[in-house]
Structure formats: structure tokens, C-alpha cells
Amino acid sequence: MSSTYYLRSTCRLCNSVNLTKVFELTPTPPANAFVSKEQLSTEQSIYPLELFFCEDCAHLQLLGVINPAELFQNYVYVSGTSASFVKHFSDYARSCIDNFNLSAGDLVVDIGSNDGTLLNFFKNQQLKILGIDPARIIAKQASEKGIETWPEFFNESIAKKILKIKGPASLITANNVFAHADNLDSIVKSVRSLLKSDGVFIFEVSYLGAVYENTLFDTIYHEHLAYHSILPLIKFFNSHGMELFAANRINSHGGSVRCMVQFKGGPSNMNGSVQSLVDYEYGLKLNASQTWMSYADKINILKNKLVDLLTGLKRGGKSLAGYGAPAKATTLMYHFGIGPDIIDFISDDALLKQGLYTPGLHIPVLSSSAIYEKKPDYVILLAWNFASQIIKQHKVYLNNGGHFIVPLPEIRII
Ligand SMILES: [Zn+2]
């Protein structure tokens, strides 16, 4: 194993060593490590994908950590490119301003600010803003557009520097970073040092309840170190002298949760949303390691069914392709054995990915028109969460005699 990878030995939330390995997926390269034609001859490193359950706080997590500099400094995902995301952030900013009486001159700091889409809505309301994001190119572009963004990982020394230059923050946000950071203790200590005594820390993160209910096992990949549920988070913030006072489910990324945190005894009242999610988690037994072992069994039954189907089709001389190459397709393809022996290419609508090859398996990514030119008999929807949309968009492919295979949450042939 290279120096870019290490295995931690304690729970990311409570530091317990009482950890049970509940399942392992097939090892993969980093899920976003698409390569160009020139890079095809360089072999890509593959890392284990093992899920551990903390018997003390019930937090589900990866302990294997790939160096974040390798994963995030050259990140290309830009949130402002999706219209629904822009609307989401616009509503988000509005509700923060209304609920927490933010006014002109108050400072909002966004951790993992990406292209500054969220901060821009605060800026328009005359709030002071600062973005922190380690993706250097995206940070530079955001600053050039007027959203000051420091190309850094958020930590205690950066928090100190912000405090000195900008003063304390009334609101700190962190969206889709709380699952990605290894050292959550450091993030929360840094938040504490920067936040006003009556300030609020809000983060959005993928929700474990959705991973469970919607069979989103393919959202398990190395960038996502933590699979958050409410029960462990309550304990975690408590240990840092803070309280989770609201937690609301939202639709982003197939099912996420927006959590609101303040200093213990802060101005916001404890909201019933936290207790209702705790009840829901107890109902599903998300706090029992056995639940996750059964979950793995369920995934592996689906895997065997799909492998039988695909190898049968190949034996019958059928041609197959894939549709959609999101990061999570890497987990799906490796764990379900969908390699170059099964599919010839993948169509994807994102121009940035066309012409590249998938991480490790090196399947070419082509435009969506390729399914009309190459006419595969079957197309597996790797971006299966968008199945209905893709099927609607490609009625003509079906009318021409093609078939779609939806791999999850149940296998369907259309
Ligand atoms: Zn724990």
C-alpha cells in the first residue's frame, strides 16, 4: 500500500476502538479517477472498501483513508452547473437569513464552498462572506468572480487566521464535506473557535437512512468516509460542548439531511425534527451491527442475480453498454463485476467525462448518441437513480428494439 493511504484504528466520531467490520465491497481505485487515453498504460492503485460499525456510538464508516490532497485538490465538480442545485442553495440562503436574523455585515463562512454558488446568495443580501475550498482551480475561479475563496482545507490554523482577518462568523456552513473529512474533531474545534456565541453551524450530508432504505450502497466509495445518522451525531456534538437542535431530510444526492448545530444552551430551541429522526433510526435498527450485515447479504444476492443475467446475455451473443458514469458507478461496476468483458462503452451526458476512461476498468466514456450509433442490445443504467429520466429521454432507443437494465434497487429489464 502506498503512503497516500492509511488505516485509522478508532471511530471517527467517538474515538472508540470497539469497531466491527460489517461488510466489504470489492476494492476499487478512487471513484472519480477517470483517465485520459495517454494515461491508460499507467496502472491505477486499488484500495480496500471496508465498512466498520462503531459498537459504542453506532457510526458507520470507512477506516481506510486516501490522502485528501490526492482526492480533492484537482477536483473538477462545479455545483453551479446544475440548475436544481442553484435553486436549492438560493432557498437555503433565504431560510438561514430569515430563521437566524442575519443582517448586513454579518459574516458567513462556507467550508467546501466549491464555485461559491451558496455564498453568492448571501453576498447579494449584503452579508460578508468567505469561502474555503482546497480545489485550487475552482477556488481561484470563484475569487475572480467576486466570491473570496481561500484554497485551503479548513482546520484550526485557518480558523484562527479567519478570526484575525474577518472577525467571528454568525453562520458557518459545510455542505457535502462532513462525509468527506477524516478529522471531524478538528473541523468542529475549528468551527467552535470561529463561531459567535449565538452563531449557527449548518451542514448537509448524505443520510444513512436513505442509503439503507433506497439501497444506495454504490454511494460507498473512498471519498465518503462517514455515513451519517443522527444518533451518533448527537453524541459527537455533545462531546464538543455543542448541540444538534434541528435535522431535516432533504432530497439532494438521493437522500441527505440538513443538520443545525449551536453551542450548548444557544438561542435556538430544540426542534422535534431531531427526535423524529432518532425514532426513525431506532425503527430501522440502524444502530445495530446485525442490520448492516444483513444489508450486505441483500447486496450480494442482487449481485449474483445481475451477474447471472449479464453473463447469460453475453453467452447468447448480445452486446451491452452502460449509461451514466457518476463516481458511484465505480463501486457498482467493481462490486457487481461489470467490466470490459461485459460492456463495450458507457454513454454519459457530461462533456467533461466524454473521451475519458473509467477508473481502473478503463471503459471508454462516449456521448449519449453512441447508443444509437453502436446499437447495443442492452444498456445497463449505471446512474440508476435517474432511470426514469434516462428512459424517457431515450424512448427512440427502446423503439428501435433496445433494452434497458436497471440494476437497483431491484433488477428490472425494460
Ligand atoms: Zn463511535
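The shown structure was predicted, so the numbers you read here are calculated from the model rather than taken from an experiment. One-based numbering, in listed order, for ligands and for the atoms of each.
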- Query: Can you say whether the rings of F404 and H394 are parallel (under 30°), tilted (30 to 60°) or perpendicular (over 60°)?
  - Reply: tilted

- Those residues that, when tested against K189, pass salt bridge (Lys or Arg N to Asp or Glu O under 4.0 Å) (two or more places apart): none

- Message: With a 4.0 Å cut-off on N to O distance, would you call K21 and E50 a salt bridge?
- Response: yes

- Task: Scan side-chain atoms only and decide if S16 and D56 contain a donor-acceptor pair under the 3.5 Å cut-off.
- Result: yes

- Task: Report the relative orientation of the aromatic rings in Y295 and Y212; use parallel for angles under 30°, tilted for 30 to 60°, perpendicular for over 60°.
- Result: parallel

- Classify the angle between the aromatic ring planes of H88 and Y92 as parallel (below 30°), tilted (30 to 60°) or perpendicular (above 60°). perpendicular

- What protein N/O/S atoms sit under 2.8 Å from the Zn ion (ligand 1), by chain and number? C11 SG, C14 SG, C54 SG, C57 SG

